[in-house]
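Input: a single structure, listed below in structure tokens.
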Amino acid sequence: MANVERLAPPKDSIGGTAASMILGMSKYGSMHRAYRKILSARKGVEVRDEFSFPMYRGTVAEDHIVNLVKDSIEAETGFEVVELPGSGVLYHSDYGFIHATVDRLLYDRDKDAYVGVLEVKSHDSSFGNPYEWGREDHAAQVSHYVEVLQSTQEEKIEHVYMVVSQADSQTWSTAVRVIDSGGDLSGFSGVINTSYKKVDTIENYRQNCIPRLVSFWEEHVLKEEMPPLDGTKDCAANIRESIPSREGVWSVTESDIEFHEIDQLLSHMKEIELEMDVLKSQIDEIRFDYNEKSKEVDAVKSRLKVLLGDKKTIDSDRFRITASRYTKKSSSLDKDRLMAEVPE
């Protein structure tokens with residue numbers, strides 16, 4: 001394997017992240033975002049995204065995460081965990097505008113062929129938010145990588161793994177600082193949970209998804225025509241960039257075709273806003289009812305606290321009620337915390 005410095009993923013063609021956006025499977029952007037970034041790159045205009053710590057974290061931690069599981073995966077599969085040689089970018093054999101930047105590959109030395117891919121993710125699990133195995137956007141990414149790799153070789157790609165490291169935001173912040181200072185993740189084994197699973201790819205990705213990517217490229221990128229309008233921020237940005245300035249007044253009458261379309265759009269928007277008003281009223285009503293029920297629960301707790309008197313616990317064969325004192329940091333007042341256990 002050549003020891004060549006890996007390049008940043010190309011932005012002027014369709015990679016795994018852009019594919020998930022185009023296919024409507026991404027949590028982080030629609031096809032308008034993919035269109036904007038690809039078209040801008042093709043024109044030599046850099047679209048600067050705001051600094052994203054999760055993206056930076058994933059970049060700097062990738063090698064360290066792989067090192068934590070490399071030996072285990074190789075022992076389990078019998079294959080070597082390797083990087084794509086050269087620039088790290090692989091292009092589809094049939095469509096030069098479709099590429100893949102695979103985190104790691106599984107290499108079968110006996111067959112001298114790649115037989116699997118590894119996608120590496122770092123996840124912020126703060127607030128009881130564990131990684132969601134089987135995420136649609138990640139499934140689209142690995143399916144895209146498999147398709148691109150499969151197009152370049154005869155050997156079947158049958159082993160697809162997700163490697164995920166999970167920790168809360170504070171732990172990740174510290175870990176990234178350690179990595180930036182030349183350290184590794186070896187000291188975080190107790191607080192960063194790293195695991196891997198063999199995952200499924202999207203069925204018939206080549207037949208069902210590749211044609212949609214090709215259509216996007218031919219109908220939108222090459223023709224420089226925006227995708228269908230939607231309500232995303234990226235759509236608004238595309239419109240703003242296509243119409244850099246506005247001035248003057250356009251007077252329309254009923255004889256103009258645009259008059260009727262605008263009239264219909266305004267009527268439709270008003271209908272939607274009325275529906276939104278109804279939903280907001282329902283939400284406000286539900287919130288009010290919820291708060292009232294919360295007060296009722298608090299009233300019950302108050303009565304239980306009085307019944308407890310100076311006892312910490314009331315115990316019986318039907319229930320157990322315990323009250324403990326704690327001091328709220330924002331004040332010097334002691335408060336009772338009540339726990340009731342009522343078995344079915």
Practice item. Would you mind listing every ring-ring contact (aromatic ring centres under 6.0 Å, His included) that reaches into residues 216-251, with sequence neighbours excluded? Key: F97-W217, F216-H220
Review point. Taking ILVMFWY side chains as joined if any heavy atoms are under 4.5 angstrom apart, and letting links pass through other members, which residues group with V306?
Key: none
Point to revise | side chain to side chain donor-acceptor pair (under 3.5 Å) partners of E80, counting only residues at least two apart | key: R109
Practice item. Name all pairs fulfilling the salt bridge (charged side-chain N to carboxylate O under 4.0 Å, His left out) condition that reach into residues 85-95, sequence neighbours left out, sorted by first residue then second. Key: none
Exercise for review: Report the residues that fulfil side chain to side chain donor-acceptor pair (under 3.5 Å) with S122, sequence neighbours left out, ordered by chain and then residue number.
Suggested key: R57
Practice item. Mind checking side chain to side chain donor-acceptor pair (under 3.5 Å) for Q153 and listing every partner two or more places apart, or none if nothing turns up? Key: none
Revision key, fill the gap. Side chain to side chain contact (heavy atoms under 4.5 Å, CB included) with V89: of V148, T101, V102, only one passes, and it is T101
Point to revise | For Y131, all residues meeting ring pair (Phe, Tyr, Trp, His ring centres under 6.0 Å), sequence neighbours excluded | key: H123, W133, H138
Compile the donor-acceptor pairs under 3.5 Å between side chains in residues 276-283 and protein atoms, sequence neighbours left out, one pair per line.
from: K280; atom 1: NZ; to: D284; atom 2: OD2; distance (Å): 3.1
from: S281; atom 1: OG; to: D277; atom 2: O; distance (Å): 3.1

Sequence neighbours excluded and cut-off under 3.5 Å, please list the side-chain donor-acceptor pairs for residues 182-189, or say none.
from: D184; atom 1: OD1; to: S186; atom 2: N; distance (Å): 3.0
from: D184; atom 1: OD1; to: S186; atom 2: OG; distance (Å): 2.5

Exercise for review: Report the residues that fulfil side chain to side chain donor-acceptor pair (under 3.5 Å) with Y95, sequence neighbours left out, ordered by chain and then residue number.
Suggested key: none
Practice item. Any pair with a residue in residues 261-270 that passes salt bridge (charged side-chain N to carboxylate O under 4.0 Å, His left out), sequence neighbours left out, goes on the list, sorted by first then second residue, please. Key: none
Point to revise | Side chain proximity check, V115 to I157, heavy atoms < 4.5 angstrom | key: no
**Study point:** Partners meeting ring pair (Phe, Tyr, Trp, His ring centres under 6.0 Å) with H159 (sequence neighbours left out)
**Key:** F79
Practice item. For N193 and Q166, indicate whether the former's side chain and the latter's backbone hold a donor-acceptor pair under 3.5 Å. Key: no
